[in-house]
Asker: 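Dropping a structure here in structure tokens format, bear with me for questions.
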Amino acid sequence: MPYEAVIGAEVHAELATLTKLFCGCSTAFGAPPNTQTCPVCLGMPGVLPVMNRLAFEHALKVALALNCHVDPVTFFDRKNYYYPDLPKNYQISQNHRNLGRNGHLDLPVEGRSLRVGIWNVHLEEDAGKLLHPESGQSDSLVDLNRAGTPLLEIVSAPDMRAPAEIDAFMRALRNILLYTGVSDCKMQEGRLRFEPSISLRPAGQKEYGARIEIKNVGSISAVVKAVEYEIQRQTRALDSGERLTPETRLWDDRLGRTVSMRRKETSADYRYFPEPDLVEIRVDETWKARIRAELPELPVPRRLRLQQQLNLGPYEAGVLTDDRALADYFESAVAAGKASPKAVANWVINDVLRILNERQISPVAFPIPPDRLAALAALVETGVIGQPTGRSVLDDMLATGEPPEEIVRKKGLAQISDESAIIAIVDRVLAAQPQVVADWKAGKKAAFNALIGPVMRETKGKANPQVVRQLLEKRLAEQ
Amino acid sequence: MALTAKEVAWVAHLARIELSEEMAGRMAGQLSQVLDYIAQLNEADTSETPPMSHAGGLSNVFREDAPGMSLPREEALRNAPESAEGFFRVPRVIE
Ligand SMILES: [Zn+2]
């Protein structure tokens, strides 16, 4: 039977702050265990949490970037449960009045636009880290450095229907978090985590099937694989008449499959209630307007603008806007007004990106200023130098830090486009090769190419090939 | 508001409190009385009262994102019944 997959996602992003959500402990990754704790994040009796303003503004920024409704008053709740990585035995989170709700994200998928609803955006504290030394031992170890780190939770509506759609959703969302600077999104450090949920229903049915949530997925490509696997597994199960029940499954990246997560506690009962240690937060229009004004142009609108304004293709615009710093670099190069956007785009995509990858650096650290790259693009575009020469000039620019015009001048690389200089060489070559000229006159069109080589050689490859062709044709016709 | 012994046992489980069956029965009676006492508040007309989340009347209390002091690790671990290699040590939570 054909089924339709219904896919949603829960996203957690650790926010880019120096300190934790409610205390001044550092959030730096990788410190020795339990060296970044204090009475507040250890949950000692009698302490009071105080909200980190930057963390709250980061969360507000994302809520607005995702077109959420932001209520004038928001507050925090206690989510009560026992687990050794949660020293207070409750997590300060939001439940009754989330910071943002009913938003959406428009994303390009395979040439069309898909709108994914955002159910809510809220701020909470992360838990500590549990380590389980080799199995068979009777203990677990707890590191509370991460406990209390500001964590943003984003819950999407189940608006996606295929693995490619959740792939696009994750990339678009990560780009928004990077563009707005609220998170470094390092998935390998667990600072950005996606938990997809998948259910299947017979094509055409309105009711949703049993919702299966997947945890422990460490990268975007692993999420896509996990979703593909789950669709296959559920299809097989339903086809063989099995009844699926809602559950949480863990992704095993090594085996490429999900396994049921057996929990001791059957039903979650978090007994949320308003956090009495924190006061409510009023978000007025002035504050919202200020945060909105701080929002950069977001990746998808920027991509569409580059397509329309600069006449770039969707692929080029997509590559350029995938990284805010790269897009900034490209746009400053175009703004230099020296070369066409298309020519600059080709240089950035083919050469700058390659060099960035080779050197493992960010566009911000790229040693050639954008206006100099534009000058190089212009030298090629106007025919002063050829494309291959341009590449070697770029290498020289990287090595010496000199502007491209200077390198071209010093090395005498400029193409000869001056007709009078080339025409003398053409005439010399024609005089020296009477047999080839006769062949050409007899109708052997291939003889033409045999004449280009000697001309290029005489000019040491610096003659503009187009001019050479034109002049050869002209002179031959006159013979 | 009559609580059942079963409800009391569930709440005790959530709070990780060990409660005998006999005790759960007794608590059910006592807690029901407490709830009835609190329930008197339901008699007040609150149709004109806006909901509130906090009794203090303050709002927007923040701290700046500036690093403060953390505890030395020995201090952080001092109250732990067990620790090992700088970690808190707890009974194993997964198989
Ligand atoms: Zn702390």
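For clarity, every value in this text was computed on a predicted model and none was experimentally measured. First the proteins, then the strands, lettered A, B, ... as listed; each starts at 1.
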Asker: Under 4.5 Å, heavy atom to heavy atom, which residues of residues 45-62 of chain A contact chain B?
Answerer: A/Val50, A/Met51, A/Asn52, A/Arg53, A/Leu54, A/Phe56
Asker: Please step through side-chain contact (heavy atoms from CB on, under 4.5 Å) for the pair A/Thr180 and A/Leu295, ending with a clear verdict.
Answerer: CA-CA 6 Å; A/Thr180 50; A/Leu295 282 177; 3.7 Å; yes
Asker: What I want to check is whether the side chains of A/His96 and A/Gln94 have a donor and an acceptor closer together than 3.5 Å.
Answerer: no
Asker: Can you check whether A/Ile281 reaches B/Phe62 side chain to side chain, under 4.5 Å on heavy atoms?
Answerer: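 Heavy-atom side-chain distance check passes, below 4.5 Å.
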Asker: If you define the side chain from C-beta out and look only at heavy atoms, does anything of A/Phe29 sit under 4.5 Å from A/Asn145?
Answerer: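 No, every pair of side-chain atoms sits at 4.5 Å or beyond.
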Asker: The test is side-chain contact (heavy atoms from CB on, under 4.5 Å); show your working for A/Leu144 and A/Val142 and say whether it passes.
Answerer: CA-CA 6 Å; A/Leu144 294 178; A/Val142 191; 3.6 Å; yes
Asker: Under the 3.5 angstrom rule, does the side chain of A/Glu189 hit a backbone N or O of A/Arg191 as a donor-acceptor pair?
Answerer: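 Checking the backbone N and O of A/Arg191 against the side chain of A/Glu189, no donor-acceptor pair under 3.5 Å is found.
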Asker: Taking non-hydrogen atoms and a cut-off under 4.5 angstrom, which of residues 17-48 of chain B neighbour chain A?
Answerer: none
Asker: Would you mind telling me which of A/Gln36, A/Arg282, A/Lys20, A/Arg97 has the largest number of heavy-atom pairs within less than 4.5 Å of chain B?
Answerer: A/Arg282
Asker: Quick check: under 4.5 Å, non-hydrogen atoms only, which of residues 73-81 of chain A neighbour chain B?
Answerer: A/Phe75
Asker: Does any heavy atom of chain B fall under 4.5 Å from the side chain of A/Leu42, the backbone, both, or neither of them?
Answerer: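 Contact with chain B is through the side chain of A/Leu42 alone.
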Asker: Any chance the side chains of A/Ser260 and A/Glu247 put a donor and an acceptor closer than 3.5 Å?
Answerer: yes
Asker: Is the shortest side-chain N to carboxylate O distance from A/Glu294 to A/Arg292 below 4.0 Å?
Answerer: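 No, no charged N to carboxylate O under 4.0 Å.
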Asker: A/Cys41 versus chain B, heavy atoms under 4.5 Å apart: side chain, backbone, both or neither?
Answerer: neither
Asker: Which of residues 66-79 of chain B have a heavy atom under 4.5 Å from any heavy atom of chain A?
Answerer: B/Ala66, B/Pro67, B/Gly68, B/Met69, B/Ser70, B/Leu71, B/Arg73, B/Ala76, B/Leu77, B/Asn79
Asker: Give, as side chain, backbone, both or neither, the part of A/Leu278 having an atom under 4.5 angstrom from any heavy atom of chain B.
Answerer: backbone
Asker: Would a 4.5 Å heavy-atom cut-off, applied to side chains only, mark A/His132 and B/Val93 as touching?
Answerer: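 A/His132 vs B/Val93: side chains touch.
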Asker: Between A/Asp139 and B/Arg92, is there a salt bridge with N-O shorter than 4.0 Å?
Answerer: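 Looking at A/Asp139 together with B/Arg92, the answer is no, because their closest N to O distance does not fall below 4.0 Å.
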Asker: Relative to chain B, which of A/Gly24, A/Pro274, A/Ser140, A/Pro32 shows the most heavy atom pairs under 4.5 Å?
Answerer: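 Counting heavy-atom pairs under 4.5 Å, the top option is A/Ser140.
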Asker: Would you check if A/Met261 and A/Arg249 make a side-chain contact, meaning some heavy-atom pair closer than 4.5 Å?
Answerer: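 They are not in side-chain contact.
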Asker: Does any non-hydrogen side-chain atom of A/Leu18 lie less than 4.5 Å from one of A/Ser26?
Answerer: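 The answer is no; the side chains never approach within 4.5 Å.
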Asker: Step by step, work out the side-chain contact (heavy atoms from CB on, under 4.5 Å) result for A/Thr258 and A/Asp252.
Answerer: CA-CA 6 Å; A/Thr258 62; A/Asp252 186 324; over 6 Å; no
Asker: Does A/Arg101 use its side chain to pair, donor to acceptor, with the backbone of A/Leu99 at less than 3.5 Å?
Answerer: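 No, A/Arg101 side chain to A/Leu99 backbone: no donor-acceptor pair under 3.5 Å.
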Asker: Measuring only between side-chain heavy atoms, which start at C-beta, is A/Leu64 closer than 4.5 Å to A/Lys288?
Answerer: yes
Asker: Check whether B/Glu85 gets within reach of chain A through its side chain, its backbone, both or neither, counting any heavy atom under 4.5 Å.
Answerer: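 It is the backbone, since no side chain atom gets that close.
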Asker: Does A/Lys129 pair with A/Asp85 as a salt bridge, N-O distance under 4.0 Å?
Answerer: no
Asker: Should A/Arg193 and A/Asp126 count as an ion pair when the cut-off is N to O under 4.0 Å?
Answerer: yes
Asker: Is there a side-chain contact (heavy atoms from CB on, under 4.5 Å) between B/Leu14 and A/Tyr82 once you walk through the steps?
Answerer: CA-CA 8 Å; B/Leu14 288 174; A/Tyr82 284 85; over 6 Å; no
Asker: For the residue pair A/Glu125 and A/Lys88, establish whether any side-chain heavy-atom pair is separated by less than 4.5 Å.
Answerer: yes
Asker: Which atoms of A/Pro33 come close to chain B, meaning under 4.5 Å heavy atom to heavy atom: side chain ones, backbone ones, both, or neither?
Answerer: both
Asker: Can you check whether A/Glu14 reaches A/Lys186 side chain to side chain, under 4.5 Å on heavy atoms?
Answerer: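 No, every pair of side-chain atoms sits at 4.5 Å or beyond.
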